[in-house]
Amino acid sequence: MTDLARLLAANEAYAAARANVADARPSRHLAVLTCMDARIDVFAVLGLHLGEAHVLRNAGGRVTDDVLRSLALSCHVLGVDTVVVMQHTGCGLAGVSDEDLRARTGADLGFFPIDDHRAALEEDVRLLAATPFLSPVRAIAGLVYDVESGLLDDVVRWEAPVSRSSSR
Ligand code: ZN
(Lines give C-alpha, C1' and ligand atoms only; values in the text may rest on other atoms or scores of the structure.)
Protein backbone atom coordinates (compact mmCIF):
# COMPACT_ATOMS: atom_id res chain seq x y z
CA MET A 1 0.00 0.00 0.00
CA THR A 2 3.01 2.29 -0.35
CA ASP A 3 1.56 3.75 -3.52
CA LEU A 4 -1.76 4.44 -1.80
CA ALA A 5 0.07 6.12 1.09
CA ARG A 6 1.82 8.38 -1.41
CA LEU A 7 -1.51 9.27 -2.98
CA LEU A 8 -3.07 10.09 0.37
CA ALA A 9 -0.08 12.15 1.49
CA ALA A 10 -0.17 14.12 -1.75
CA ASN A 11 -3.88 14.71 -1.22
CA GLU A 12 -3.27 16.26 2.19
CA ALA A 13 -0.86 18.74 0.63
CA TYR A 14 -3.26 19.45 -2.20
CA ALA A 15 -6.26 20.00 0.06
CA ALA A 16 -4.34 22.58 2.04
CA ALA A 17 -3.51 24.59 -1.08
CA ARG A 18 -6.45 24.00 -3.42
CA ALA A 19 -8.46 26.67 -5.18
CA ASN A 20 -11.83 27.62 -3.82
CA VAL A 21 -14.34 26.30 -6.33
CA ALA A 22 -17.91 27.11 -5.41
CA ASP A 23 -19.54 26.53 -8.81
CA ALA A 24 -19.72 23.13 -10.55
CA ARG A 25 -20.30 24.83 -13.92
CA PRO A 26 -17.04 24.95 -15.93
CA SER A 27 -16.19 28.66 -16.05
CA ARG A 28 -14.85 28.43 -19.62
CA HIS A 29 -17.94 26.52 -20.82
CA LEU A 30 -15.57 23.87 -22.09
CA ALA A 31 -15.39 20.07 -22.16
CA VAL A 32 -12.22 18.25 -23.21
CA LEU A 33 -12.33 14.64 -24.37
CA THR A 34 -8.95 12.95 -24.46
CA CYS A 35 -7.14 9.65 -24.05
CA MET A 36 -6.33 8.08 -20.69
CA ASP A 37 -2.64 7.97 -21.72
CA ALA A 38 -0.44 8.70 -18.68
CA ARG A 39 1.73 11.14 -20.68
CA ILE A 40 -1.06 13.69 -21.15
CA ASP A 41 -1.41 16.34 -18.45
CA VAL A 42 -4.64 17.80 -19.82
CA PHE A 43 -4.72 20.91 -17.65
CA ALA A 44 -1.09 21.78 -18.37
CA VAL A 45 -1.29 21.03 -22.11
CA LEU A 46 -4.21 23.42 -22.56
CA GLY A 47 -3.39 25.97 -19.86
CA LEU A 48 -6.51 25.11 -17.91
CA HIS A 49 -7.14 25.57 -14.21
CA LEU A 50 -9.40 23.93 -11.69
CA GLY A 51 -13.04 24.77 -12.26
CA GLU A 52 -12.63 25.78 -15.90
CA ALA A 53 -13.46 22.63 -17.88
CA HIS A 54 -14.92 19.16 -17.83
CA VAL A 55 -12.31 16.54 -18.69
CA LEU A 56 -13.57 13.23 -20.09
CA ARG A 57 -10.99 10.51 -20.61
CA ASN A 58 -11.09 7.03 -22.09
CA ALA A 59 -8.86 4.81 -24.20
CA GLY A 60 -8.14 6.79 -27.36
CA GLY A 61 -10.26 9.81 -26.44
CA ARG A 62 -13.02 8.46 -28.67
CA VAL A 63 -16.69 9.42 -28.71
CA THR A 64 -18.49 6.52 -27.06
CA ASP A 65 -22.03 6.25 -25.69
CA ASP A 66 -20.73 7.14 -22.26
CA VAL A 67 -19.05 10.27 -23.62
CA LEU A 68 -22.37 11.29 -25.18
CA ARG A 69 -24.08 10.68 -21.82
CA SER A 70 -21.59 12.93 -20.03
CA LEU A 71 -21.73 15.66 -22.69
CA ALA A 72 -25.53 15.69 -22.55
CA LEU A 73 -25.18 16.74 -18.92
CA SER A 74 -22.25 19.07 -19.63
CA CYS A 75 -24.15 21.08 -22.21
CA HIS A 76 -27.69 20.99 -20.83
CA VAL A 77 -27.08 21.13 -17.09
CA LEU A 78 -23.63 22.66 -16.68
CA GLY A 79 -23.37 25.29 -19.41
CA VAL A 80 -20.78 23.76 -21.72
CA ASP A 81 -20.91 25.05 -25.32
CA THR A 82 -17.44 24.11 -26.61
CA VAL A 83 -15.91 20.64 -26.95
CA VAL A 84 -12.27 19.79 -27.65
CA VAL A 85 -11.48 16.25 -28.78
CA MET A 86 -7.77 15.61 -28.28
CA GLN A 87 -6.12 12.46 -29.62
CA HIS A 88 -2.35 11.98 -29.40
CA THR A 89 0.70 10.52 -31.09
CA GLY A 90 1.87 7.13 -29.90
CA CYS A 91 -1.65 6.10 -28.88
CA GLY A 92 -2.14 2.44 -28.05
CA LEU A 93 -5.34 2.44 -30.09
CA ALA A 94 -3.57 3.57 -33.26
CA GLY A 95 -2.58 0.98 -35.82
CA VAL A 96 -4.37 -1.89 -34.12
CA SER A 97 -7.67 -3.62 -34.87
CA ASP A 98 -10.65 -4.65 -32.80
CA GLU A 99 -9.65 -8.26 -33.53
CA ASP A 100 -6.14 -7.70 -32.09
CA LEU A 101 -7.50 -6.02 -29.00
CA ARG A 102 -10.18 -8.65 -28.43
CA ALA A 103 -7.53 -11.36 -28.65
CA ARG A 104 -5.19 -9.53 -26.26
CA THR A 105 -7.82 -8.63 -23.66
CA GLY A 106 -10.36 -11.44 -23.91
CA ALA A 107 -13.00 -8.70 -23.92
CA ASP A 108 -15.60 -8.92 -26.66
CA LEU A 109 -15.89 -5.14 -27.00
CA GLY A 110 -15.65 -2.45 -29.64
CA PHE A 111 -12.38 -0.65 -28.80
CA PHE A 112 -12.68 2.26 -31.27
CA PRO A 113 -9.22 1.73 -32.80
CA ILE A 114 -7.65 4.58 -34.79
CA ASP A 115 -6.37 3.97 -38.34
CA ASP A 116 -5.70 7.61 -39.05
CA HIS A 117 -5.99 10.51 -36.60
CA ARG A 118 -7.55 12.92 -39.09
CA ALA A 119 -10.17 10.40 -40.17
CA ALA A 120 -10.97 9.40 -36.59
CA LEU A 121 -11.23 13.02 -35.45
CA GLU A 122 -13.43 13.93 -38.40
CA GLU A 123 -15.66 10.96 -37.58
CA ASP A 124 -15.92 11.87 -33.89
CA VAL A 125 -16.46 15.60 -34.49
CA ARG A 126 -19.12 14.76 -37.08
CA LEU A 127 -20.84 12.43 -34.61
CA LEU A 128 -20.87 15.08 -31.87
CA ALA A 129 -22.16 17.74 -34.27
CA ALA A 130 -24.90 15.42 -35.55
CA THR A 131 -26.16 14.30 -32.14
CA PRO A 132 -29.48 16.12 -31.68
CA PHE A 133 -29.35 16.24 -27.90
CA LEU A 134 -25.98 18.05 -28.03
CA SER A 135 -27.54 21.06 -29.79
CA PRO A 136 -26.28 23.55 -27.13
CA VAL A 137 -22.72 22.82 -28.34
CA ARG A 138 -21.63 25.72 -30.58
CA ALA A 139 -18.04 24.77 -31.41
CA ILE A 140 -15.96 21.60 -31.60
CA ALA A 141 -12.25 21.20 -32.28
CA GLY A 142 -10.33 18.02 -33.07
CA LEU A 143 -6.64 18.16 -32.07
CA VAL A 144 -3.69 15.79 -32.01
CA TYR A 145 -1.26 16.19 -29.11
CA ASP A 146 2.35 15.24 -29.83
CA VAL A 147 3.62 13.46 -26.71
CA GLU A 148 7.24 14.03 -27.81
CA SER A 149 7.16 17.77 -28.53
CA GLY A 150 4.22 18.74 -26.32
CA LEU A 151 2.66 20.61 -29.25
CA LEU A 152 -0.87 20.42 -30.61
CA ASP A 153 -1.91 19.93 -34.22
CA ASP A 154 -5.17 21.73 -35.01
CA VAL A 155 -6.83 19.15 -37.29
CA VAL A 156 -10.60 19.63 -37.41
CA ARG A 157 -12.93 22.52 -36.57
CA TRP A 158 -16.69 22.66 -36.48
CA GLU A 159 -18.98 25.56 -35.60
CA ALA A 160 -22.73 25.47 -35.28
CA PRO A 161 -24.63 27.08 -38.14
CA VAL A 162 -26.03 30.50 -37.25
CA SER A 163 -29.60 29.20 -37.39
CA ARG A 164 -28.93 26.93 -34.40
CA SER A 165 -28.00 29.94 -32.27
CA SER A 166 -31.48 31.45 -32.54
CA SER A 167 -32.70 29.19 -29.73
CA ARG A 168 -30.06 30.48 -27.33
ZN1 ZN B 1 -4.01 7.05 -26.28
Side-chain angles (χ1 to χ4, degrees), residues 10 14 17-19 21 23-98 100-101 109-131 133-162 164-165 168:
Y14 168 75
R18 79 189 191 285
V21 177
D23 192 351
R25 297 163 63 91
S27 64
R28 290 174 66 171
H29 311 287
L30 171 68
V32 179
L33 168 63
T34 193
C35 185
M36 65 188 187
D37 194 289
R39 297 167 292 182
I40 304 172
D41 182 343
V42 182
F43 283 79
V45 167
L46 297 172
L48 295 170
H49 297 94
L50 198 64
E52 292 185 340
H54 284 159
V55 176
L56 314 178
R57 302 190 73 158
N58 63 27
R62 301 303 311 272
V63 176
T64 62
D65 285 347
D66 196 62
V67 166
L68 295 175
R69 177 185 72 91
S70 296
L71 289 177
L73 296 169
S74 289
C75 71
H76 284 282
V77 180
L78 292 159
V80 164
D81 63 10
T82 302
V83 178
V84 168
V85 181
M86 187 169 78
Q87 297 182 6
H88 68 99
T89 61
C91 187
L93 279 188
V96 293
S97 68
D98 265 333
D100 297 334
L101 295 170
L109 299 171
F111 284 91
F112 297 79
I114 298 166
D115 278 337
D116 170 79
H117 285 296
R118 173 175 293 278
L121 284 169
E122 285 175 348
E123 179 184 327
D124 282 358
V125 168
R126 196 181 311 123
L127 174 57
L128 293 174
T131 298
F133 62 74
L134 297 183
S135 59
V137 174
R138 313 304 306 159
I140 307 170
L143 312 175
V144 177
Y145 174 68
D146 186 322
V147 297
E148 301 286 337
S149 70
L151 294 170
L152 289 168
D153 190 8
D154 184 0
V155 177
V156 187
R157 296 282 191 94
W158 176 87
E159 286 189 25
V162 173
R164 286 178 72 181
S165 67
R168 247 173 92 102

In this structure, CZ of Arg69 is separated from OG of Ser74 (nearest 0.5 Å) by 10.0 Å

Taking every heavy atom of Leu93 against every heavy atom of Phe111, the minimum-distance pair comes out as CD1-O, 3.3 Å

- [ ] Look at the side chain of Arg138 and the backbone N and O of Thr82, then say whether any donor-acceptor pair between them is shorter than 3.5 Å.
- [x] no

The residue among Val84, Val45, Val32 that forms side chain to side chain contact (heavy atoms under 4.5 Å, CB included) with Leu143 is Val84

Heavy-atom closest pair (Pro26 atom, Val80 atom, distance to 0.1 Å) is CG-CG2, 3.9 Å

d(Leu127 CG, Leu68 CG) to nearest 0.5 Å is 5.5 Å

Check your understanding: Under 3.5 Å, is there a donor-acceptor pair between the side chain of Asp153 and the main chain of Val155?
Key -> no

Check your understanding: Is the closest side-chain heavy-atom distance between Asp66 and Leu56 below 4.5 Å?
Key -> no

Smallest heavy-atom separation, Val63 atom then Asp124 atom, equals N-OD2, 3.2 Å

**OP:** For residues His117 and His88, determine if any side-chain heavy atom of one lies less than 4.5 Å from a side-chain heavy atom of the other.
**Re:** no

Between Ile140 and the options Leu121, Leu33, Leu128, the side chain to side chain contact (heavy atoms under 4.5 Å, CB included) test singles out Leu128

The complete set of side chain to side chain donor-acceptor pair (under 3.5 Å) pairs with one or both residues in residues 38-52, sequence neighbours excluded, reads Arg28-Glu52, Asp37-Arg39

On a heavy-atom basis, the closest approach of Cys75 and Val137 is CB-CG2, 4.0 Å

Non-hydrogen side-chain atoms of His54 and Leu73 separated by less than 4.5 Å: no

Note: Thr34 and Met86 closest approach over all heavy atoms is OG1-O, 2.6 Å

(request) Find out whether Arg126 and Val156 are in side-chain contact, i.e. whether some heavy atom of one side chain is under 4.5 Å from a heavy atom of the other. (result) no

Here the pair of heavy atoms bringing Cys35 nearest to Gly60 is SG-N, 3.2 Å

The reported gap from CG in Asp146 to OG1 in Thr89 (rounded to nearest 0.5 angstrom) is 4.0 Å

Margin query: Do Val42 and Arg57 have side chains that approach each other closer than 4.5 Å (heavy atoms only, starting at C-beta)?
Written below: yes

